[in-house]
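Everything below concerns the one structure shown next.
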Amino acid sequence: MKIGMGSDHGGFELKEYIKEQLAIEGYELVDYGTYSMESVHYPEFGEKVARGVVRGEVDLGIIMCGTGLGISMAANKVKGIRAALVSEEYSARMARRHNDANILAMGGRVVGKDLGLSIVRAFLASEFEGGRHETRVNLITAIEAKN
Ligand code: RB5
């Protein structure tokens with residue numbers, strides 16, 4: 001599975017840690033930046049990962065900023081993106097199983113490294129269940145189509 005990752009400076013350390021761990025576990029990774037702790041603007045990186053996902057460059061995305069709020073808002077502006085901001089494992093599993101989330105967002109200043117990695121593992125190990133959940137996800141897409 002190919003994973004796209006992105007963060008601003010607030011999520012940089014968590015991104016680097018998750019990236020290292022996923023590489024050890026054999027995931028193929030694309031790092032869309034940022035590449036240092038220098039202050040940057042999170043919308044750029046939310047959009048870059050989101051466009052990578054909709055273009056099919058990567059299967060799923062993982063994004064972080066300080067809270068995960070701004071970068072998830074930015075990613076969700078890209079048509080076809082369902083970015084889920086999560087800070088515990090249950091929601092990470094449900095984001096895939098019920099919402100078919102294609103991007104996981106976390107707050108680098110909210111979750112620690114170990115919890116962040118557990119959230120990522122829960123997200124990547126879960127699959128969309130379809131059925132009645134597909135009907136609901138299609139209704140989300142229909143709202144997007146009205147814009
Ligand atoms: C940057 O200081 C911070 O505002 C950003 O990382 C994020 O938390 C915004 O939602």
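Heads up: numbering here begins at 1 and tracks the sequence. When a ligand or atom number is given, it counts from 1 through the structure's own listing order.
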Closest approach of any protein heavy atom to [atom], naming residue and atom:
atom: atom 7 (C) of ligand 1; result: Cys65 SG, 3.3 Å
atom: atom 5 (C) of ligand 1; result: Asp8 OD2, 3.2 Å
atom: atom 8 (O) of ligand 1; result: Thr67 N, 2.9 Å
atom: atom 10 (O) of ligand 1; result: Gly70 N, 2.9 Å
atom: atom 9 (C) of ligand 1; result: Tyr42 CE2, 3.4 Å
atom: atom 1 (C) of ligand 1; result: His9 NE2, 3.6 Å

(request) Decide if atom CD of Glu13 counts as having more than 12 heavy atoms of other residues, nucleotides or ligands within a radius under 6.0 Å. (result)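 Incorrect, the count does not exceed 12.
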(request) Tell me, please, which residues at least two apart from Tyr32 pass side-chain hydrogen bond (donor to acceptor under 3.5 Å, both in side chains). (result)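 Checked Tyr32 against side-chain hydrogen bond (donor to acceptor under 3.5 Å, both in side chains); matches are Glu57.
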Check whether any side-chain heavy atom of [X] sits under 4.5 Å from a side-chain heavy atom of [Y], and report yes or no.
X: Ile71; Y: Met64; answer: no
X: Val40; Y: Tyr35; answer: no
X: Met106; Y: Val111; answer: yes

(request) Any side chain to side chain donor-acceptor pair (under 3.5 Å) involving residues 132-147? Give me the pairs, sequence neighbours left out, ordered by first then second residue. (result)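 Residue pairs with at least one partner in residues 132-147: His98-His133.
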(message) Please determine whether any non-hydrogen atom of Arg109 lies less than 4.0 Å from an atom of ligand 1.
(response)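 It does; at least one heavy atom falls under 4.0 Å.
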(request) Heavy-atom contacts with Gly66 under 4.0 Å: which atoms of ligand 1 show up? List them by number with element. (result)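 This gives 5 (C), 6 (O), 7 (C), 8 (O) as the contact atoms.
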